[in-house]
Amino acid sequence: MIDTAAACTREEFPGEDLVLGLEPATLEQLIDVARFRRRIRLAPEIEGHCAKSRAWLDDVIARMRAGEPVEAIYSVNTGFGSLAGRQAFPSADDAAELSRRLILADASGLGRIVDEEVVRATMFIRVVSLTQGYSAIQWALVEGLVAMLNADVWPAVPEYGSLGASGDLIPLAHIALVLTTAPDGSDEPENSGEAILDGRVVSGHEAMAAAGLKRIPVGAKDGLALLNGTSFSLAQTALAAWDVQGALHTAEVTACLSIEALLGFGDAFIAELHEARGQKGQIQVAERMRGYISDSQLTTGDRDNDPQRQPPQDAYSLRCVPQVFGPIADTLDFAFGIIEREINAATDNPLVFPDLDRDLKAVSGGNFHAEYVAFAADFLSIAATEIGNITERRIFRLDDGTLNRGLPDMLVDSDQVGLDCGFMLPQYLAAALVSDCKTLAHPDSVDSIPTSANQEDHVSMANNAGRHLRQIVANVEVVVGVELLMSVQALELRVQAGRPGGTAVSESDLSTTAQKVSAMLRSTPDEQGKMIAHLTRDVVLYPQVRTAASLVKQRAVLTAAHS
């Protein structure tokens with residue numbers, strides 16, 4: 001799994017340009033480019049590597065221009081999908097026009113314009129895929145995608161349209177429209193798609209001109225090379241996977257804060273217990289949690305000899321965090337492997353293998369089928385939902401005066417009992433979001449609707465899976481953010497009131513982690529510029545909740561815990 005410490009919060013990437021082509025690209029690099037605008041360059045030797053497949057295609061086009069008979073090559077001199085058997089394009093000009101019409105026809109998506117980071121991640125993945133050297137694409141188009149990324153051109157891509165098979169044709173066509181022109185070079189502003197410029201939807205023509213970039217004429221096979229592949233579905237899944245990891249590790253911290261506030265028993269996290277089961281993720285989660293509470297004086301099992309609290313064995317939402325978060329961590333490891341291999345995969349069709357021992361170097365297959373991506377997204381949707389599920393149970397417990405071991409109801413110590421609701425409603429919010437996650441976690445990959453006259457008769461629905469995963473992790477970030485707010489409030493109440501029936505608790509009795517995270521939260525202004533203060537009476541809470549969710553997404557809790 002990628003090291004959490006490698007992530008940072010920034011508006012612009014502060015380091016060197018990323019050189020693509022020397023080593024396999026990583027998920028962390030995708031995040032840097034998509035979310036933090038890291039600039040990229042192509043290794044000089046990559047152009048020669050990619051030129052081999054294009055040279056074979058150029059020879060085919062030259063034979064067509066000379067009037068020589070040419071075998072049927074999918075997407076070069078045939079139709080698409082169920083029309084693939086119709087070899088109706090004998091001229092080289094027709095081959096180029098075929099590419100252009102494919103882009104025009106496929107740009108038929110609708111729905112909300114997806115976030116800029118999704119489009120940037122898609123273009124990044126497309127560049128990496130095309131530089132594998134099997135797509136026979138014009139090199140100028142690869143350079144054009146790089147230039148668009150570096151100039152922050154944001155094609156307006158609608159969220160609906162891809163089936164996760166046949167490639168992400170519709171969303172990728174909306175990007176290709178902005179990049180490309182007709183084969184004769186005519187600019188056709190009316191066929192340039194749309195892009196976001198200064199918060200406005202403008203034509204792709206205007207956006208490229210504003211960036212000082214020229215749109216590029218398409219040639220034979222270029223259309224399908226740009227449109228066919230798993231790049232869009234993968235972009236959503238990759239971004240979400242990174243955020244699931246952040247939410248998981250942050251929830252480990254907030255769980256520890258809640259366990260301290262609820263006087264949980266640290267024995268549930270000793271190494272021998274988890275090694276006895278032998279599951280890697282569980283062992284690692286327990287180790288991290290053990291570190292967070294190692295110097296806490298509130299998790300020793302000392303319940304002040306209250307017989308109602310013996311034996312010191314906590315509810316599952318406290319005691320079983322490693323057993324729940326461990327399999328989530330292992331699922332992330334599995335999904336990260338799929339994602340990083342897919343980033344570096346050639347996923348269009350056909351692929352051209354110059355060294356193939358036969359005259360026809362183009363091979364038609366199905367690497368565009370995104371079942372791998374759909375499975376990764378579906379599995380992570382289930383895993384991420386469980387982060388929210390168990391976290392909400394701790395939130396509930398913090399609120400309930402019969403379960404929170406002496407803390408005030410709803411975590412507000414008001415002089416006028418019943419006048420203040422305290423943190424009652426954030427638990428409602430968490431419950432609503434977790435319920436939404438449960439619905440969204442239904443696996444998309446088990447669904448399939450045939451298309452293209454039944455030629456494309458099994459699809460992965462990876463785009464839907466990726467979209468749903470992004471919403472799930474956004475929900476979970478809010479739930480973990482609510483636990484952050486409430487656990488810090490609870491710890492402060494514990495310090496103010498002392499242990500039930502016992503001596504007062506000093507701040508030094510809290511774990512170092514709890515002290516650091518609490519200090520970070522209390523020094524953070526909410527989105528309205530007000531400091532997130534200890535709650536003594538009811539206030540409008542949504543600015544705090546939004547800010548707390550942002551802290552989770554930015555991994556600020558982890559930064560504070562590890563400082």
Side-chain angles (χ1 to χ4, degrees), residues 12-13 17-18 20 33-42 47 50 96-97 99-109 112-131 135 137-159 161 168-229 231-232 235:
E12 299 286 343
F13 191 84
D17 290 355
L18 171 63
L20 292 179
V33 173
R35 188 166 286 174
F36 303 122
R37 301 183 188 280
R38 186 176 186 180
R39 295 337 190 189
I40 62 176
R41 291 184 287 113
L42 299 169
E47 180 178 2
C50 294
E97 181 63 21
S99 278
R100 180 60 176 168
R101 292 192 192 182
L102 177 69
I103 294 171
L104 297 176
D106 285 10
S108 57
R112 182 186 66 88
I113 300 303
V114 300
D115 297 337
E116 183 181 13
E117 66 177 19
V118 175
V119 181
R120 291 184 61 84
T122 300
M123 291 194 290
F124 174 80
I125 295 166
R126 201 82 216 119
V127 169
V128 175
S129 178
L130 293 172
T131 55
S135 300
I137 192 172
Q138 290 186 80
W139 184 248
L141 291 170
V142 181
E143 293 180 318
L145 286 171
V146 171
M148 288 172 69
L149 276 169
N150 288 341
D152 298 328
V153 175
W154 175 5
V157 180
E159 63 178 331
D168 292 314
L169 296 171
I170 288 177
L172 291 174
H174 283 270
I175 296 173
L177 269 182
V178 177
L179 172 64
T180 64
T181 68
D184 62 6
S186 55
D187 197 53
E188 297 182 330
E190 71 279 8
N191 285 328
S192 64
E194 295 178 325
I196 310 300
L197 179 64
D198 299 328
R200 299 176 295 117
V201 178
V202 303
S203 70
H205 169 85
E206 181 179 343
M208 292 290 276
L213 301 178
K214 292 184 177 180
R215 297 168 63 224
I216 301 165
V218 293
K221 198 187 176 298
D222 290 335
L224 207 54
L226 290 169
L227 272 54
N228 203 343
S231 306
F232 185 69

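The figures that follow rest on heavy atoms only: side chains count, while hydrogens, waters and symmetry mates do not.
Side-chain contact between Met148 and Pro155: present, with at least one pair of heavy atoms (C-beta onward) separated by less than 4.5 Å. In this structure, the side chains of Ile113 and Val157 stay at 4.5 Å or more apart for every pair of heavy atoms. In this structure, Pro217 and Pro183 have side chains that are not in contact, with every pair of non-hydrogen atoms separated by 4.5 Å or more. Counting heavy atoms from C-beta outward, Asn191 and Arg100 have side chains that approach closer than 4.5 Å. Residues Phe124 and Leu18 are in side-chain contact: their nearest non-hydrogen atoms beyond the backbone lie under 4.5 Å apart. The side-chain heavy atoms of Arg37 and Arg120, taken from C-beta on, include a pair separated by under 4.5 Å. Counting only heavy atoms from C-beta outward, the side chains of Leu20 and Val146 never approach each other to under 4.5 Å. Proximity of Glu206 to Arg200: side-chain heavy atoms (C-beta onward) are separated by under 4.5 Å at one or more points.
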Practice task
Let me see the working for Thr181 and Arg215 under side chain to side chain donor-acceptor pair (under 3.5 Å), right down to the final yes or no.
Solution key: CA-CA 6 Å; Thr181 68; Arg215 297 168 63 224; over 6 Å; no
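Note on Arg39 versus Asp17: no salt bridge recorded, every NZ/NE/NH1/NH2 to OD/OE distance being 4.0 Å or above.
One distance of note links CE of Met208 with CD1 of Ile216; it measures 6.5 Å at 0.5 Å rounding. Residue Leu179 holds its CG atom at 9.5 Å from CG of Leu213, rounded to the nearest 0.5 Å. The distance from atom CG of Leu141 to atom CG of Asp222, rounded to the nearest 0.5 Å, is 5.0 Å. Annotation: the span from Ile170 atom CD1 to Phe232 atom CZ amounts to 10.5 Å, rounded to 0.5 Å. In this structure, CG on Leu172 lies 10.5 Å from CG on Leu224, to the nearest 0.5 angstrom. Ile40 CD1 to Leu145 CG: the interatomic distance, rounded to the nearest 0.5 Å, is 8.5 Å.
Without hydrogens or angle criteria, His174 side chain to Gly109 main chain gives a donor-acceptor distance under 3.5 Å. The closest donor-acceptor contact from the side chain of Ser129 to the backbone of Arg126 lies at 3.5 Å or more, if one exists at all. In this structure, Asp115 contributes its side chain and Glu117 its backbone to no donor-acceptor pair below 3.5 Å.
Gly223 approaches Leu102 most closely through the heavy-atom pair C-CD2, 3.9 Å. When all heavy atoms of Leu177 and Ala107 are compared, the pair lying nearest together is CD1-CB, 3.4 Å. Contact detail for Ala225 and Ser135: the closest heavy-atom pair is CB-O, 4.0 Å. Residue Ala211 comes nearest to Val153 through the heavy atom pair CB-CG2, 3.7 Å, listed as atom of the first residue, atom of the second, then distance. Residues Thr122 and Val118 share a closest heavy-atom pair of OG1-O, 2.7 Å. Nearest heavy atoms, Ser192 versus Pro189: OG-O, 2.6 Å.
Considering Val218, Thr131, Leu226 in turn, Leu226 is the only one that fulfils the side-chain contact (heavy atoms from CB on, under 4.5 Å) rule with Ile137.
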